[in-house]
Peer 1: 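Shown below is the structure under consideration.
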Amino acid sequence: MREVKLSSQLTVLSIGVAAVLWTQAASAATAADMPNTTLQTITVTANSSVRDAVQEDSVYIDDYTPAAQASHLSDFLDVVPGVSVGGTSSVNQRIRVRGLDDTNLKVTIDGARQEGALFYHMGDVTIDPDLLKQAEVSVGNNSVTLGNDAIGGAVAFETVDAADLLKPGQKVGAKLHTGYASNNDELLTSATVYGAPTENVDLLAYYGKRNADAGEDGKGRKIQTEDSEGENILLKAGAYVGSDHHVGASFSRTENKGKFPLRPDFPAGGWNPIIPQEVKRDTYALDYAYSPANQLVNVDANVYQTSTQILRNSDGVPGFEFDAEVQTTGAKVQNTSIVDSSIINGVPGVHKLIAGVEHYKKESDYSSVQRGTTIPVAGTDEATNTSVYLEDQWQMGKLSLTPGIRYDRYESPEYVSAGKTYDNVVGALAASYEIAPRTQLFASYTQLFNGPDLSQTIFNTDGADTYVNNDLKAEEGDNAEVGIATTLRGLTMADDSLKLSAKYFETNIENYIEFVRAGGSRTGMNCTTGQLGTSAAPEACQGVINNDEDFKIKGVELSADYRADNFNMGLSYARARSKGEDTGYNISSVSGSGSESGDKYMVNLGYAPTNTTELGWRSTYVADVTPNTAGDDNEKPGYDVHDIFMTYTPTQIQGLKATLGVYNIFDETYASHASRNSIDDAYTDFEMGRNIKTSLTYQF
């Protein structure tokens, strides 16, 4: 079996290399006949917010990296200043924005919220990049439209549609994709069929598989999974009813099976045994849009249900198996109105009014046995949130003002904070002013609110051995930003452009919620009073508390994006530091060693010498940093990683695209600062060493 597998993978590799190295003479002769294809790419839009003209255009990152070969969210999200993704396996993708992980971010897939946390040794975002066409990132919370669970910002993933792939006039089409990665012997195959049987209807069906073995770090040591199989399904249908209405439905699934480490954020082997596990996400969504020829009405609505589940088989070792699931059901209705106020009351300006209402419920369900026994344990819990919001984007010539207000009613989990209800109102105000052509100053202030989340599902035992904190406060605070963005044109030639952006931010967090573990050498909590134990006198219960001190996160994000004809270059710098007002400690992290990451510098280069060939280079340098946390001040070493890639679109075969890349060229041994870090290599989640990837895509 092994020989057959290697043979098929080497065939894929050889085909990819042959296609990329196809003679350029033949392609140059037929360059004028190159088809206008619509091969799927991933676009990452940074800092998308209500001030699109200021923040989105000034920090726009498009195709700096060969996203078609992405196998982990870090392969493309890391290019956004202020964003990093930890974990090295498909079941441990942990997004961080300015040091805050995805438990403090609003993460959606096709508009469906991905709520709750299953297991603190695993990531909470389950999706394969091959499904995606876009990932929109709000770095920081700068709008009341984001809402609860968005203290650090938001990440909105969007899967591909038939309309993205259909060529003009095409009724039906297909896309075949295969890729191979050398480091972990990974093989990806996928097929997409799409069509528009009538002018008003479009359909899409996607199926993909991704199989991989264990990879190696820069020193040749095995990392992560021994063997895994990933399966992805995407079904979509859309229809226009008349000229004003559009309805859509979708189903997507990402499933990963294999032998993963017991604790997937640590290296596999030894004290961290490999056992069979399965992680699965199912998302169902219905959407509706109504856009008549009336500037006062532009309605978007969606209804969804998404569930993420971990099934673990102890493989004969009692006490390690469990079934943990979080399910979120929700709906959202939003209307956008354009109003010219000069017509109404003579006050100059145009208002873009965004009004919306959102409701969702998140539920956790857990069943297992006590470790080392056959005694069953189980538990369920739930929380609901209802909110309404109004935002006014008021444009008055060179000046724009964006006030907003939001009301949230949050009913908390029973076994976390006794089902306590939180009623909260937050406001926001943003402004921008064009001080010169294509140059704007901008500033924003947004109040923050985050109700107590569900307990980690694996700790949900209907209150057994848990201190239920009915005095728990919701997390609150504010986010303030100020910056400048400019676009310069005609620097070296008539059609070049240089986009520059500089931003300073401060995020204040009050009542920061922390989880206190019990058992072993952990301090625990008193089951009746909630008093914290000590190492000398540990308590038996665990639960959540508000940290006694407030935290402040400060930082800067700088970017430059130059484009000229067939060349582009992106430069960025990001820094974020958290600090407690009393102790000076950094915000804690479930992945250990504090939430801090070193200053990150990134260079992205792209050059297209012909109409059929593109070359790219990405360099990432992260400086070392020493987090300041209670009982842990170990340094996170810096690292310097370089990637290079080449894409080739031969004109001899229309719709074919080949990509070849070498990632971590110099075989650097390193761990992302967003991953598990330790001075002991046996407790550090190292990234892959040198990895050669090749892929072929054929669309017809």
Peer 1: Sub-3.5 Å donor-acceptor pair from the side chain of Glu596 to the main-chain atoms of Ser578, do we have one?
Peer 2: yes

Peer 1: Can you give me the closest heavy-atom contact between Ile109 and Thr126, atom names plus distance?
Peer 2: CD1-O, 4.2 Å

Peer 1: Does Gly490 offer a backbone N or O that forms a donor-acceptor pair with the side chain of Asp496 under 3.5 Å?
Peer 2: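 It does hold such a pair.
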
Peer 1: Taking all atoms of both residues into account, what is the closest heavy-atom pair of Phe442 and Ala502, and its distance?
Peer 2: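 It is CZ-O, 4.3 Å.
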
Peer 1: Please verify the inter-ring angle class for Tyr601 with Tyr573; under 30° counts as parallel, over 60° as perpendicular, anything in between as tilted.
Peer 2: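 If you compare the ring of Tyr601 with that of Tyr573, the planes turn out tilted.
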
Peer 1: Is there a donor-acceptor contact under 3.5 Å linking the side chains of Glu391 and Ser143?
Peer 2: yes

Peer 1: If we only count heavy atoms from C-beta on, is the Gln114 to Asp124 side-chain gap below 4.5 Å?
Peer 2: no

Peer 1: Do Asn142 and Thr446 meet the criterion of a side-chain donor-acceptor pair at a distance under 3.5 Å?
Peer 2: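 Result is no, nothing qualifies.
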
Peer 1: Hey, are the side chains of Leu660 and Thr647 touching, using non-hydrogen atoms and a 4.5 Å cut-off?
Peer 2: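 Side-chain contact under 4.5 Å: no.
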
Peer 1: Between atom CD1 of Ile223 and atom OG1 of Thr684, what is the distance when rounded to the nearest 0.5 Å?
Peer 2: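 So the CD1 of Ile223 and the OG1 of Thr684 are separated by 12.0 Å.
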
Peer 1: Does Gly86 offer a backbone N or O that forms a donor-acceptor pair with the side chain of His673 under 3.5 Å?
Peer 2: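 The answer is no, because no donor-acceptor pair under 3.5 Å joins these two groups.
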
Peer 1: Using a 4.5 Å cut-off on heavy atoms from C-beta on, say whether the side chain of Thr507 contacts that of Phe551.
Peer 2: no

Peer 1: With the side chain counted from C-beta on, respond yes when Asn211 and Asp185 share a heavy-atom pair under 4.5 Å apart, and no when they do not.
Peer 2: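 Asn211 vs Asp185: side chains apart.
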
Peer 1: Is it true that Asp149 and Lys106 have a side-chain N and a carboxylate O under 4.0 angstrom from each other?
Peer 2: no

Peer 1: Begin from the C-alpha positions of Lys167 and Phe700 and carry the test side-chain contact (heavy atoms from CB on, under 4.5 Å) through to its verdict.
Peer 2: CA-CA 9 Å; Lys167 302 173 186 179; Phe700 56 94; 5.7 Å; no

Peer 1: For residues Leu165 and Val160, determine if any side-chain heavy atom of one lies less than 4.5 Å from a side-chain heavy atom of the other.
Peer 2: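 Counting from C-beta outward, Leu165 and Val160 do come under 4.5 Å.
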
Peer 1: Any chance you could measure Leu146, atom CG, to Ser138, atom OG, to the nearest 0.5 Å?
Peer 2: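 With rounding to 0.5 Å, CG (Leu146) is 5.0 Å from OG (Ser138).
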
Peer 1: For Ser595 and Ser589, does a side-chain donor sit closer than 3.5 Å to a side-chain acceptor?
Peer 2: no

Peer 1: Run the numbers on Ile665 and Ile644 for side-chain contact (heavy atoms from CB on, under 4.5 Å), then give the verdict.
Peer 2: CA-CA 8 Å; Ile665 297 173; Ile644 190 169; 3.5 Å; yes

Peer 1: Would you check if the side chain of Asn184 reaches a backbone N or O of Glu216 as a donor-acceptor pair within less than 3.5 Å?
Peer 2: no

Peer 1: Check side-chain hydrogen bond (donor to acceptor under 3.5 Å, both in side chains) between Tyr206 and all other residues, then give those that pass, not counting sequence neighbours.
Peer 2: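 side-chain hydrogen bond (donor to acceptor under 3.5 Å, both in side chains) list for Tyr206, sorted by chain: Asp130.
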
Peer 1: Knowing that exactly one of Asp75, Asp640, Asp78, Asp643 qualifies, which makes a salt bridge (charged side-chain N to carboxylate O under 4.0 Å, His left out) with Arg618?
Peer 2: Asp643

Peer 1: Rounded to the nearest 0.5 Å, what separation is found between the CG atom of Leu176 and the OG1 atom of Thr178?
Peer 2: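 It is 9.5 Å, given to the nearest 0.5 Å.
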
Peer 1: Restricting to pairs with a member in residues 597-612, which pass salt bridge (Lys or Arg N to Asp or Glu O under 4.0 Å), not counting sequence neighbours?
Peer 2: Arg575-Asp599, Arg577-Asp599

Peer 1: Please list, chain by chain and in numerical order, all residues satisfying salt bridge (charged side-chain N to carboxylate O under 4.0 Å, His left out) with Asp161, sequence neighbours excluded.
Peer 2: Lys133, Lys236

Peer 1: Thr189 versus His177: any side-chain heavy-atom pair under 4.5 Å?
Peer 2: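 Not touching, per the 4.5 Å side-chain cut-off.
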
Peer 1: Side chains of Lys352 and Thr336: does their closest heavy-atom pair fall under 4.5 Å?
Peer 2: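 Lys352 vs Thr336: side chains touch.
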
Peer 1: Please name the pair of heavy atoms, one in Ala70 and one in Phe76, separated by the smallest distance, quoted to 0.1 Å.
Peer 2: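 Closest approach of Ala70 to Phe76: CB-CD2, 3.8 Å.
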
Peer 1: For Asp681, give me all partners under side chain to side chain contact (heavy atoms under 4.5 Å, CB included), at least two apart in sequence or on another chain.
Peer 2: Lys219, Arg221, Phe686

Peer 1: Distance-only, no hydrogens or angles: does the Thr487 side chain make a donor-acceptor pair with backbone N or O of Leu500 under 3.5 Å?
Peer 2: no

Peer 1: Ignoring hydrogens, what is the shortest heavy-atom contact between Gly87 and His72? Give both atom names and the distance.
Peer 2: O-NE2, 3.1 Å

Peer 1: Could you work out, with side chain to side chain contact (heavy atoms under 4.5 Å, CB included) as the rule, every residue matching Thr88, not counting sequence neighbours?
Peer 2: Gln224, Asp685, Glu687

Peer 1: Within 45 degrees of the ring normal and closer than 6.0 Å to the centroid, is that where the cationic atom of Lys693 sits relative to Tyr663?
Peer 2: yes

Peer 1: Determine, stepwise, if the pair Thr612 / Thr649 fulfils side-chain hydrogen bond (donor to acceptor under 3.5 Å, both in side chains).
Peer 2: CA-CA 5 Å; Thr612 61; Thr649 310; over 6 Å; no

Peer 1: Please determine whether side-chain hydrogen bond (donor to acceptor under 3.5 Å, both in side chains) holds for the pair Tyr670 and Ser675, giving the CA-CA distance in whole Å, both sets of side-chain angles, and the decisive distance to 0.1 Å.
Peer 2: CA-CA 10 Å; Tyr670 74 103; Ser675 299; over 6 Å; no

Peer 1: For the atom pair OG1 (Thr610) and OH (Tyr607), what is the distance rounded to the nearest 0.5 Å?
Peer 2: 9.0 Å

Peer 1: Hey, does the side chain of Thr402 reach the backbone of Leu429 with a donor-acceptor pair shorter than 3.5 angstrom?
Peer 2: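 No; judged by distance alone, with no hydrogens or angles, the pair does not exist.
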
Peer 1: Excluding sequence neighbours, so at least two apart, what forms salt bridge (charged side-chain N to carboxylate O under 4.0 Å, His left out) with Glu506?
Peer 2: Lys552

Peer 1: Give a yes or no answer on whether the side chain of Gln654 reaches the backbone of Leu656 with a donor-acceptor pair at less than 3.5 Å.
Peer 2: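 No; judged by distance alone, with no hydrogens or angles, the pair does not exist.
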
Peer 1: Taking the basic N atoms (NZ, or NE/NH1/NH2) and the acidic carboxylate oxygens, is any pair closer than 4.0 Å for Arg98 and Glu557?
Peer 2: yes

Peer 1: What are the two closest non-hydrogen atoms of Ser572 and Pro81, and how far apart are they?
Peer 2: CB-CG, 3.7 Å

Peer 1: Strictly below 4.0 Å, N to O, side chains only: are Arg210 and Asp128 in salt-bridge contact?
Peer 2: yes

Peer 1: Rounded to the nearest 0.5 Å, what separation is found between the CG atom of Asn141 and the CG atom of Asp478?
Peer 2: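 CG of Asp478 is found 10.5 Å from CG of Asn141.
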
Peer 1: Which distance, rounded to the nearest 0.5 Å, do you find between the CD1 of Ile587 and the CG of Leu100?
Peer 2: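 Answer rounded to 0.5 Å: 5.0 Å.
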
Peer 1: Going by heavy atoms in the side chains, are Met646 and Thr613 under 4.5 Å from each other?
Peer 2: yes

Peer 1: Which class fits the ring pair His642 and Trp617: parallel under 30°, tilted 30 to 60°, perpendicular over 60°?
Peer 2: tilted

Peer 1: Please check this pair: side chain of Asp561 against backbone of Gly570, looking for a donor-acceptor N/O pair closer than 3.5 Å.
Peer 2: no

Peer 1: How close do Met688 and Asn691 get, counting heavy atoms only, and between which atoms?
Peer 2: SD-ND2, 3.7 Å

Peer 1: Take Ile151 and Asn479 through the test side-chain contact (heavy atoms from CB on, under 4.5 Å) and record every step on the way to the result.
Peer 2: CA-CA 8 Å; Ile151 282 184; Asn479 182 58; over 6 Å; no

Peer 1: Between the main-chain N or O of Ala674 and the side-chain N or O of Ser672, is there a donor-acceptor pair closer than 3.5 Å?
Peer 2: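 Yes, because the side chain of Ser672 sits within donor-acceptor range (under 3.5 Å) of the backbone of Ala674.
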
Peer 1: As a quick check of understanding, evaluate side-chain contact (heavy atoms from CB on, under 4.5 Å) for Leu605 and Phe567, giving each step before the final call.
Peer 2: CA-CA 8 Å; Leu605 302 174; Phe567 173 77; 4.3 Å; yes

Peer 1: Tell me whether Glu136 contacts the main-chain N or O of Phe157 through its side chain, where contact means a donor paired with an acceptor under 3.5 Å.
Peer 2: no

